[in-house]
Student: 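A single structure is presented below for examination.
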Amino acid sequence: MSPVNMPDGNPAVKVTFLRKKTAEKGSMDGGILFASCLVSEEDYEDGELDNYKKNIQLTAWRITEGQTISKVFSEKQIILAFVKGLAEGKGEELLKNGGNAEVDSVFHLWM
């Protein structure tokens, strides 16, 4: 896991799947990139959004580079655990302490 900045300057976290390095294959075996950004006020009609600065868009992208075998099952389990973690216990507490944010939806891009 490593923090990165997206080209637009928004924060992201890259989770890399690792394998034993061989002469034929490198040590990286794909992964998932989690990114966040503030939702744009322009995405909503007048009066539809009270305080757009509290609305955060979270996106998870598959990283297939280096994968020799698809990791769809593992990726799904990580995404489900991530979403569950946002809605329970410590994740919910962190969101409330960070400006009383709530999870409205999570997008997982499989492409």
Side-chain angles (χ1 to χ4, degrees):
M1 209 165 70
S2 61
V4 295
N5 281 324
M6 298 297 287
D8 59 7
N10 289 314
V13 174
K14 183 178 181 180
V15 178
T16 304
F17 301 143
L18 300 175
R19 64 170 168 240
K20 185 177 179 182
K21 188 176 182 177
T22 65
E24 297 84 29
K25 302 176 193 171
S27 61
M28 290 180 36
D29 197 16
I32 302 173
L33 178 67
F34 292 95
S36 64
C37 67
L38 292 174
V39 175
S40 173
E41 185 178 22
E42 298 166 358
D43 293 340
Y44 295 91
E45 300 290 326
D46 288 336
E48 191 177 31
L49 194 59
D50 293 334
N51 187 355
Y52 75 95
K53 291 186 179 188
K54 287 189 178 181
N55 290 286
I56 301 168
Q57 177 181 320
L58 299 173
T59 309
W61 283 277
R62 293 181 71 216
I63 301 172
T64 57
E65 183 180 335
Q67 282 188 358
T68 53
I69 298 174
S70 177
K71 306 287 187 282
V72 173
F73 179 79
S74 300
E75 292 164 354
K76 178 183 175 185
Q77 295 304 315
I78 291 168
I79 298 298
L80 290 173
F82 177 76
V83 172
K84 184 178 178 182
L86 289 174
E88 294 182 347
K90 186 67 172 174
E92 188 175 20
E93 180 183 327
L94 288 169
L95 290 172
K96 286 186 188 220
N97 291 341
N100 204 24
E102 294 181 15
V103 177
D104 182 48
S105 61
V106 178
F107 301 97
H108 182 200
L109 303 177
W110 289 91
M111 302 275 186

Student: Among Leu33, Val15, Asp29, exactly one meets side-chain contact (heavy atoms from CB on, under 4.5 Å) together with Ile63. Which residue is that?
Tutor: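 One option only clears the test, and that one is Leu33.
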Student: Is any side-chain heavy atom of Lys25 closer than 4.5 Å to one of Thr22?
Tutor: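 Yes - at least one pair of side-chain heavy atoms lies under 4.5 Å apart.
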Student: Judged by atom type as modelled, is there a donor-acceptor pair below 3.5 Å linking the side chain of Arg62 to the main-chain atoms of Ile32?
Tutor: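 Answer holds: no.
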Student: Considering non-hydrogen atoms only, spot the tightest contact between Met28 and Lys14 and give its length.
Tutor: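 Closest approach of Met28 to Lys14, heavy atoms only: CE-NZ, 4.3 Å.
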Student: Please check if the number of heavy atoms outside Gln77 that lie under 6.0 Å from its CD is greater than 12.
Tutor: yes
Student: Taking Phe34 as the fixed residue, which of Thr59, Leu58, Ile78 is the one that meets the side-chain contact (heavy atoms from CB on, under 4.5 Å) rule?
Tutor: Ile78
